[in-house]
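Worksheet: one structure, shown below.
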Amino acid sequence: MPDPPNAQIASLFDELADLYELDGAVIHRVMAYRNAAKAVRDAGTSVAAMTRAGEVTEMPGIGKTLEEKITALLDTGTIPAVEKLRAKFPPGLVDMTRLPGLGPKRARKLFDELGIDSLAALKQAAEEQRLRGLRGFGPKFEEAMLTAFAAGVDETPRARVLLSRALLIGDGIAEALRAHPASDRVELAGSARRMADAVKDLDVVATATDPPALLRAFAALDVIEQCSEPGENACRARTHTGMAVDFRVVEPDQFGNVLQHLTGSKEHNVALRERAVRKGLHVSEYGILDDADGKTHRCPTEEAVYAKLGLPWIPPELRENRGELDLDAIPPLVEMADLKGDLHMHTVASDGRNTIEQMATAALERGYEYIAITDHSASHGFGNDVSPDELRRQIERVREVNAAIDGIEILIGTESNIHTDGRLDYDDDLLAELDWVIASVHTSFGVGSEQMTARVVAACEHPSCDAIGHLTGRKIETRPPYAIDVNAVIEAAARTQTMLEINSSADRRDLNDVHARAAAQAGVRILINSDAHGVNTLGIVRWGVATARRAWLGPDQVANTLPWSEFAPLRKRVAG
DNA sequence: GCCGTTTTCGGCCCGACTGTTTTCAGTCG
């Protein structure tokens with residue numbers, strides 16, 4: 001039996017949390033399971049392997065009991081408590097808690113008293129006004145349920161919005177508000193500020209000389225479709241694209257507290273407050289209450305908030321409670337300006353829109369010292385035209401352009417498909433003639449974890465394979481990663497000196513933050529590549545850089561921050 | 001269920017809102 005991936009262990013713990021909550025367990029026990037689920041999901045190495053090694057209780061949030069549960073999962077393929085509770089509560093009960101205002105306590109009551117065990121049964125009971133007889137439930141509750149059903153809560157939940165789309169709106173709003181004469185400071189908060197993969201809504205915080213005027217200006221922005229009646233210092237709006245936007249104007253001396261509070265994440269804030277309590281400090285969005293003097297300290301800046309707690313200012317990308325609160329000093333994080341090359345891009349030879357010359361000129365304008373032209377290989381649909389003979393002609397073309405354009409090294413490469421048996425496209429001789437090979441999976445996603453892992457590990461072992469592209473094949477919000485043992489690939493990449501790419505496409509960001517951090521810790525060299533299909537998308541490395549920063553990567557862990565003279569010898573074909 | 005510069009037991013972040021209730025539990029972010 002293959003080891004369960006971290007994601008599977010995490011989702012079982014989350015399910016246990018839901019089930020124990022329905023079972024009426026004390027909330028702190030439920031929270032312990034949720035914390036453990038997050039810790040497992042964010043772990044950079046195999047939790048199953050750690051358990052076998054007897055090291056899993058070293059993880060924060062995993063104690064003896066949870067260790068036993070993971071051990072049971074490894075030994076028997078299941079966790080007894082999960083089986084027992086699944087038998088006790090129908091799955092529809094957890095679905096019911098998706099409704100606004102209906103949590104586990106009330107769902108349990110509906111089940112016990114009225115036998116309601118699914119969204120459908122709940123809807124029918126609300127329509128028949130059978131809920132209002134129950135103590136604690138009234139007509140308003142029935143109405144709220146029916147409103148929620150009418151809005152389609154029982155259908156697929158609304159997808160979150162890609163960061164790139166959210167920031168297009170959020171940055172625009174912030175800029176417009178900054179330009180308004182009544183505004184002072186304006187910042188985006190929330191998960192967009194943390195550069196998460198996708199976001200649910202936008203939070204904007206401001207200070208202003210004339211708050212009502214700024215609130216009115218916000219409501220009148222072109223992107224806003226509708227806005228609540230502006231209150232004294234806040235309003236809630238929806239954009240034409242359907243995004244919710246919360247806007248708050250606050251006192252300047254509290255700006256730091258509110259910005260910190262609204263930036264989150266929830267987990268970061270909870271952990272931050274727990275630590276503060278141990279020092280006699282109580283953190284809220286309004287200030288920091290100090291037991292020592294009984295005063296609430298207001299902070300105009302986030303720096304002041306963290307300083308009061310004895311911490312350095314923590315970059316928003318790190319605020320996920322993944323160890324950032326243990327830092328004495330913040331390590332350097334990679335920036336856009338650090339990038340000196342881009343090792344994955346397409347031209348008209350396959351599915352790109354621009355020529356070699358155009359891509360090279362655009363890269364030069366970005367200040368790059370080197371790029372690799374990596375059109376799709378022949379076995380992939382987009383690369384049908386790049387036959388072996390065509391690739392040989394492309395080698396000549398790239399060499400000519402490289403000679404003609406000063407100031408940038410243009411590598412001839414390929415993005416080779418990885419076949420199901422781990423072979424790359426093109427003969428080894430032809431691959432060896434190239435300057436650079438990045439290998440990616442584009443076909444047969446469903447071969448299963450074992451074969452997929454063996455397939456990519458085999459590619460790592462190829463002497464001409466310099467890097468692996470978009471390792472897990474995920475598309476954020478639309479396609480889950482295919483089954484693959486990422487930790488095994490990381491081990492193989494470290495052993496074979498194969499680089500791993502963070503693909504910067506806004507909907508890929510693959511490696512993700514957790515995997516990229518694990519890979520770097522294992523000594524794998526990371527690349528941040530655009531996978532650009534035209535000159536106008538070279539800049540999407542912004543999203544790859546964001547993922548790298550969320551992975552705690554500094555410039556020294558990202559290979560393409562090196563100048564060409566230092567990057568060139570790292571390639572397997574040169575290093576030998 | 002986890003955890004420890006107050007602790008191996010007794011705590012476990014903070015505040016707002018809501019509906020139903022006569023003082024608050026449950027839910028949410």
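A, B, ... follow the sequence lines: proteins, then strands. Residue 1 opens every chain.
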Distance below 4.0 Å between [X] side-chain N/O and [N] OP1 or OP2:
| X | N | result |
| --- | --- | --- |
| A:His261 | B:dC14 | no |
| A:Thr65 | B:dC2 | yes |
| A:Tyr33 | B:dC2 | no |

Q. Do A:His240 and A:Asp222 have side-chain N/O donor and acceptor atoms under 3.5 Å apart?
A.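 Note: A:His240 and A:Asp222 side chains miss the donor-acceptor criterion.
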
What integer distance in Å separates [X]:[atom1] from [N]:[atom2]?
| X | N | atom1 | atom2 | value |
| --- | --- | --- | --- | --- |
| A:Arg236 | B:dA16 | CZ | P | 17 Å |
| A:Lys266 | B:dG15 | NZ | C1' | 13 Å |
| A:Glu21 | B:dG1 | CD | C1' | 14 Å |
| A:Leu281 | B:dC13 | CG | P | 15 Å |
| A:Gln260 | B:dG29 | CD | P | 19 Å |

(Q) How would you summarise protein contacts on nucleotides 17-23 of chain B per nucleotide, using B for base, S for sugar-phosphate only and - for none, with heavy-atom distances below 4.0 Å? (A) --SSS--

[atom1] spacing across the pair [N] / [M], given as an integer number of angstrom:
| N | M | atom1 | result |
| --- | --- | --- | --- |
| B:dC28 | B:dC13 | C1' | 14 Å |
| B:dG1 | B:dT8 | C1' | 14 Å |
| B:dC12 | B:dT7 | C1' | 13 Å |
| B:dT20 | B:dG15 | P | 27 Å |

Q.
Looking at B:dT8, which nucleotide sits across from it as a Watson-Crick or G-U wobble partner, both distances under 3.5 angstrom, or is there none?
A. none

Q: Measure from the side chain of A:Arg273, starting at C-beta and using heavy atoms only, and say which of B:dC14, B:dT27, B:dG1 lies closest.
A: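 Side chain of A:Arg273 sits closest to B:dC14.
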
Can you check nucleotides 9-12 of chain B for protein contacts, nitrogen or oxygen pairs under 3.5 Å, and list what you find?
residue: B:dC12; atom: N4; partner: A:His28; partner atom: ND1; Å: 3.4

(Q) I'd like to know if A:Glu83 and A:Arg86 make a salt bridge, using a cut-off of under 4.0 Å between side-chain N and carboxylate O. (A) yes

Q. CG/A:Asp507 to CZ/A:Arg509 distance, rounded to the nearest 0.5 angstrom?
A.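 If I round to the nearest 0.5 Å, the distance is 10.5 Å.
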
